[in-house]
Amino acid sequence: MTRILLVEDDPDLATALRALLGRAGYEVRHAADGREALRRLFADRPDLMVLDIGLPELDGWQVLERTRDLTDLPVLLLTARGAEADRVRGLRAGADDYLPKPFGQEELLARIEALLRRAGRPGWAGERQDSALHLVPGRRAVLWHGAEVRLSDIEYRLLQTLVRNRGRVVTTDQLLVQVWDDPAGLGRDRVKFAVLRVRRKIQQAAGRHAEDPIEAVRGLGYRYQRDERDERDEHDERDEHDERDEREERDETS
């Protein structure tokens, strides 16, 4: 079951949101302040965080900053602040989406579904994303076949977004929204040049003959290519799972 960490200090709103998310089929963990949120984040390892900004102890900005040192899980900000400057601050600090209060229940659920659909399994500090790549959120760096690659914030968010969607094409327009907060799509060349910078840094760190993990899909966007060994391992795991299910079905009918 998909696990959501809800960080909200208003008890009435928290109760209503827990009920809403529970009815939608999510396992919900709740924290009422920033310090408890970080404890639950570390202990529960949720798949997504719904984070209010106006929290006691540590505010939402501090929680978001420390969260990004640990993990790249999707973060949806809930706040009464709807000003453009706050939205931009949240997205640049590492949030994946922003929903000002008051909001509709169906819109909240739709945004959560969209984030989970795009994100895949969260990466955590100290974990490998595949056999070649290891994200290091606290330093905004990656290890590519063991060689450290230092990236700017934009370059890290770009690679992080592609890795979350590994094996799937992320369009240029989607990257502009998720990485640059540019829904109008006015800076499309920025994506191309940022991808070129990431490729060049990987090549410089790992050697000129290192494989290129970012595939350009003509007319659409870009795709992070998974290591072939990981694809084989996942295929083997699926085969083992299917064989186990078949044995269990035979045992039940015999």
So Leu73 and Leu41, side-chain contact (heavy atoms from CB on, under 4.5 Å) or not? Walk me through it. CA-CA 10 Å; Leu73 92 167; Leu41 178 71; 4.3 Å; yes

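- Remark: Leu159 CG to Lys201 NZ distance equals 11.5 Å, nearest 0.5 Å.
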### Message
Between Leu116 and Tyr26, is the side-chain contact (heavy atoms from CB on, under 4.5 Å) condition met? List the steps.
### Response
CA-CA 12 Å; Leu116 290 170; Tyr26 298 112; 3.7 Å; yes

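- In Glu215, the CD atom is crowded: over 12 heavy atoms of neighbouring residues, nucleotides or ligands sit closer than 6.0 Å.
- Side-chain contact between Leu133 and Val142 is present, with at least one heavy-atom pair separated by less than 4.5 Å.
- Side-chain contact between Arg190 and Ile154 is absent, with no heavy atoms from C-beta onward closer than 4.5 Å.
- Nearest heavy-atom pair across Ile202 and Pro213 is CD1-CG, 3.8 Å.
- In terms of hydrophobic clustering, with Ile, Leu, Val, Met, Phe, Trp and Tyr side chains grouped at heavy-atom distances under 4.5 Å, Val28 and Leu99 are assigned to a common cluster.
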Could you walk me through whether Val7 and Met49 pass side-chain contact (heavy atoms from CB on, under 4.5 Å), step by step? CA-CA 7 Å; Val7 188; Met49 178 191 291; 4.1 Å; yes

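- Minimum interatomic distance between Ala205 and Ala147 (heavy atoms only, all atoms of both residues): O-CB, 3.4 Å.
- Val191 and Val169 are assigned to two separate hydrophobic clusters, defined by single-linkage of ILVMFWY side chains at heavy-atom distances under 4.5 Å.
- The pair Arg29-Glu36 fails the salt-bridge criterion, with no side-chain N (NZ, NE, NH1 or NH2) lying under 4.0 Å from an Asp/Glu carboxylate O.
- Judged purely by atom type and a 3.5 angstrom limit, Asp59 uses its side chain to pair as donor or acceptor with the backbone of Trp61.
- Between Ile4 and Pro46, every side-chain heavy-atom pair lies at or beyond the 4.5 Å cut-off.
- Counting heavy atoms from C-beta outward, Tyr222 and Val195 have side chains that approach closer than 4.5 Å.
- In this structure, the side chains of Lys192 and Arg188 stay at 4.5 Å or more apart for every pair of heavy atoms.
- Shown here for Asp33 and Pro56, the closest heavy-atom pair between the two residues is CB-O, 3.6 Å.
- Salt-bridge check for Arg111 with Glu107: passed, with a basic side-chain N closer than 4.0 Å to an acidic carboxylate O.
- The shortest distance between side-chain heavy atoms of Leu20 and Leu109 falls below 4.5 Å.
- Between Leu48 atom CG and Leu76 atom CG the span is 6.5 Å, to the nearest 0.5 Å.
- Phe42 is not connected to Val63 by any chain of hydrophobic side-chain contacts under 4.5 Å among Ile, Leu, Val, Met, Phe, Trp and Tyr, and they are in different clusters.
- A donor-acceptor pair is defined here as one N or O able to donate and one able to accept, closer than 3.5 Å; such a pair exists between the side chain of His30 and the backbone of Glu8.
- Looking only at distances, a side-chain donor or acceptor of Arg68 sits under 3.5 Å from a matching main-chain atom of Gly94.
- Counting heavy atoms from C-beta on, the side chains of Val198 and Leu158 come closer than 4.5 Å.
- Within the 3.5 Å criterion, the main-chain N or O of Gly167 finds no donor-acceptor partner in the side chain of Gln225.
- Here the CD atom belonging to Gln62 is positioned 8.0 Å from the CZ atom belonging to Arg35, to the nearest 0.5 angstrom.
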Practice item. Walk me through it: do Glu148 and Arg150 pass the test salt bridge (charged side-chain N to carboxylate O under 4.0 Å, His left out)? Key: CA-CA 6 Å; Glu148 183 168 352; Arg150 299 305 296 268; 3.7 Å; yes

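- Taking hydrophobic clusters as Ile, Leu, Val, Met, Phe, Trp and Tyr residues chained together by side-chain heavy-atom distances below 4.5 Å, Phe103 shares a cluster with Leu21.
- Remark: Arg223 CZ to Leu162 CG distance equals 11.0 Å, nearest 0.5 Å.
- Taking 4.0 Å as the cut-off between side-chain N and carboxylate O, Arg3 and Asp47 do not count as a salt-bridged pair.
- Interatomic distance, Gln203 CD to Asp212 CG, rounded to the nearest 0.5 Å: 8.0 Å.
- Here the CG-CG distance, from Asp52 to Leu77, works out to 9.0 Å after rounding to the nearest 0.5 Å.
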task: Report the C-alpha separation of Asp9 and Leu55 in whole Å, then their side-chain angles, then the decisive distance to 0.1 Å, and conclude whether the side-chain contact (heavy atoms from CB on, under 4.5 Å) test is met.
output: CA-CA 6 Å; Asp9 63 320; Leu55 298 171; 4.1 Å; yes

